[in-house]
Amino acid sequence: MAGDYDLVVVANRLPVDRVEEPDGSTSWRRSPGGLVTALEPVMRREDGAWVGWAGTPGDPPEPFDAEGVRCVPIGLSAEEVQEYYEGFSNGTLWPLYHDVIVAPGYHRSWWEAYVRVNERFAEAAAEQAAEGATVWVQDYQLQLVPRMLRRRRPDLSIGFFNHIPFPPFEIFAQLPWRKAIIDGLLGADLVGFQRAADANNFTRACRRASNLPARSGRIRLDAEGGREVRAASFPISIDYKALDELAQREDVAARAAEIRRDLGNPEFLLLGVDRLDYTKGILHRLKAFEELLDDGRTDVGEVALVQVATPSRERVEQYVQLRQDVEVTVGRINGTHATIAHTAVHYLHHSYGREEMAALFLAADVMLVTALRDGMNLVAKEYVASRHDERGVLVLSEFTGAADELGQALMINPHDIDGLKDAVVRAMRMSPREQARRMRALRRRVADHDVQRWAASFLEALEEHHGQAAGRAS
Ligand code: ADQ
């Protein structure tokens with residue numbers, strides 16, 4: 001039976017967080033993520049519903065309206081959180097799709113939970129979607145949903161977007177359930193990726209793992225009457241205008257100046273902002289910084305590094321290990337190089353509000369994005385959007401999706417520590433003129449390709465492709 005909503009977004013998490021009020025009641029507040037910002041206007045316009053997990057194990061709350069969006073919570077038991085979310089999503093797929101930086105675990109019980117939970121999401125989406133509605137499924141936790149949905153509701157127009165990289169076939173081939181994942185994704189009309197290289201990897205996996213005729217981003221399914229699935233890139237972005245405006249506020253500029261003062265007015269402030277994740281190359285960055293101090297190419301009298309590391313996936317083993325490694329390294333660098341007056345690395349294991357993040361970006365002379373592999377990396381774009389003063393240098397890993405777009409950054413290979421050190425020094429010494437020239441070009445790119453454009457272009461491409469497919473079938 002069809003539901004009421006013409007647009008249904010399906011994502012692992014709902015766009016709101018549960019808040020406990022002082023009087024003991026609970027309410028829901030919009031979570032700060034970019035996806036929510038991107039989709040909010042379309043959701044309001046199209047009368048949308050959002051299917052997702054509320055973030056705590058146990059029975060789900062009843063569907064409710066929040067911030068103009070119908071929220072439909074999915075329940076996960078504590079065991080499912082462990083097996084579907086921490087296990088198969090973050091212990092198998094996440095490392096596999098990020099160049100196996102750490103070894104993925106392959107456990108049949110995790111896979112079974114993944115299938116079961118994907119069915120539950122598909123079921124809920126099928127109940128909410130109106131006849132002929134558009135359903136947009138998000139990210140690697142839900143790769144089986146497109147197929148499960150199509151089985152239940154062949155009338156729907158189904159899109160899927162992968163926020164993380166799609167690996168080369170030689171790596172993807174390790175996955176014991178590789179054919180099932182491909183079949184799951186091919187339930188969609190349109191499968192979107194961050195980079196053209198990801199879309200190519202996927203098309204190639206369709207050929208190699210499933211023997212399907214696939215080229216130029218089109219995969220033909222003879223078993224389904226020649227239905228064609230399109231695979232293409234749609235690089236995600238940020239709400240440029242909102243961040244640009246925020247960074248121009250007087251209180252944010254004042255806070256940026258205060259941050260620099262509190263740090264002892266270093267000549268150069270270097271900044272890293274990441275979820276504490278092994279894909280982000282935090283240890284490589286710290287090593288380069290430590291060696292620059294060891295070599296005497298800079299010293300704590302002139303430079304300070306602020307590393308903001310948001311707590312993340314704290315129950316997954318490799319994340320516990322990474323946190324220890326980062327904290328030991330920071331301790332060693334400070335033990336060796338800090339003085340009574342100057343700390344070398346300011347390590348902040350917290351989350352911050354938007355204002356504070358904008359102030360940090362404004363305060364930083366050099367932004368270090370040294371990911372070993374990253375679907376896009378929004379932090380790089382956020383730094384650019386904050387720098388209306390056309391100052392500051394972005395040092396950017398070539399292994400991020402952002403590197404495809406932000407050509408005026410200083411590109412680095414984070415594995416090449418000498419190259420990384422040279423880039424940091426070059427960034428510190430760059431003339432204001434060159435900073436401005438590069439920053440202007442970077443800002444133009446992000447302003448023209450913001451998150452609103454990302455969402456609109458994906459949905460237009462989906463509509464167009466679905467229309468063509470329907471035309472062929474009739
Ligand atoms: P992430 O791996 O989470 O996203 P990223 O794209 O950098 O990586 O987004 C992180 C977001 O969290 C940014 O908006 C950043 O400002 C914010 N953030 C980080 N630390 C914070 C802190 N301490 N306090 C407050 N906010 C903080 C995944 C993929 C990426 C892809 C995005 C979107 O791994 O490659 O770009 O999804 O598709």
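Atoms within a ligand are numbered from 1 in the order they appear, just like the ligands themselves. Any value given below was found using the heavy atoms of this structure, including those in side chains, with hydrogens, waters and symmetry copies removed. Keep in mind it's a predicted model, so treat the numbers as computed, not measured.
Only the side chain of K280 comes within contact range of ligand 1, with a heavy atom under 4.0 Å; no backbone atom does. In I236, the part holding a heavy atom less than 4.0 Å from any atom of ligand 1 is the side chain. Under 4.0 angstrom from ligand 1, the non-hydrogen atoms of E382 all belong to its side chain. Here Y383 has no heavy atoms under 4.0 Å from ligand 1, in either its backbone or its side chain.
Under the 6.0 Å cut-off for aromatic ring centres, F193 and F202 qualify, their centroids lying closer than that. Aromatic ring centres of W177 and F88 lie closer together than 6.0 Å. Taking the centre of each ring, F161 and W454 come in below the 6.0 Å mark.
Interface atoms of ligand 1 facing V379, defined by a heavy-atom separation under 4.0 Å, are 7 (O), 15 (C). Listed by atom number, the atoms of ligand 1 under 4.0 Å from W94 heavy atoms are 34 (O). Shown in contact with R275 at under 4.0 Å from a heavy atom are these atoms of ligand 1, numbered in order with element: 1 (P), 2 (O), 3 (O). Listed by atom number, the atoms of ligand 1 under 4.0 Å from G375 heavy atoms are 35 (O). For ligand 1, the atoms lying closer than 4.0 Å to a non-hydrogen atom of V273 are 19 (C), 20 (N). Each of the following atoms of ligand 1 lies closer than 4.0 Å to a heavy atom of H350: 22 (C), 23 (N).
Of the listed options W454, Y352, F361, Y352 places a heavy atom closest to atom 25 (C) of ligand 1. Across the listed options D139, D374, V308, L378, L378 owns the non-hydrogen atom lying nearest to atom 6 (O) of ligand 1.
Remark: the Y97 side chain and the R373 side chain contain no N/O donor-acceptor pair separated by less than 3.5 Å.
In this structure, W136 and L39 have side chains that are in contact, with non-hydrogen atoms separated by less than 4.5 Å. Contact of the R204 side chain with the E170 side chain is registered, since non-hydrogen atoms from C-beta on lie closer than 4.5 Å.
I238 pairs in a side-chain contact (heavy atoms from CB on, under 4.5 Å) with only one of the listed residues (E382, H449, Q452), which is E382.
In this structure, Q194 has a heavy atom closer than 4.0 Å to ligand 1.
When atom types are taken as modelled, the side chain of D277 and the backbone of T279 share a donor-acceptor pair closer than 3.5 angstrom. Judged purely by atom type and a 3.5 angstrom limit, T26 has no side-chain atom pairing as donor or acceptor with the backbone of E20.
Residue A309 has no nitrogen or oxygen atom sitting less than 3.5 Å from a nitrogen or oxygen atom of ligand 1, judged on distance alone.
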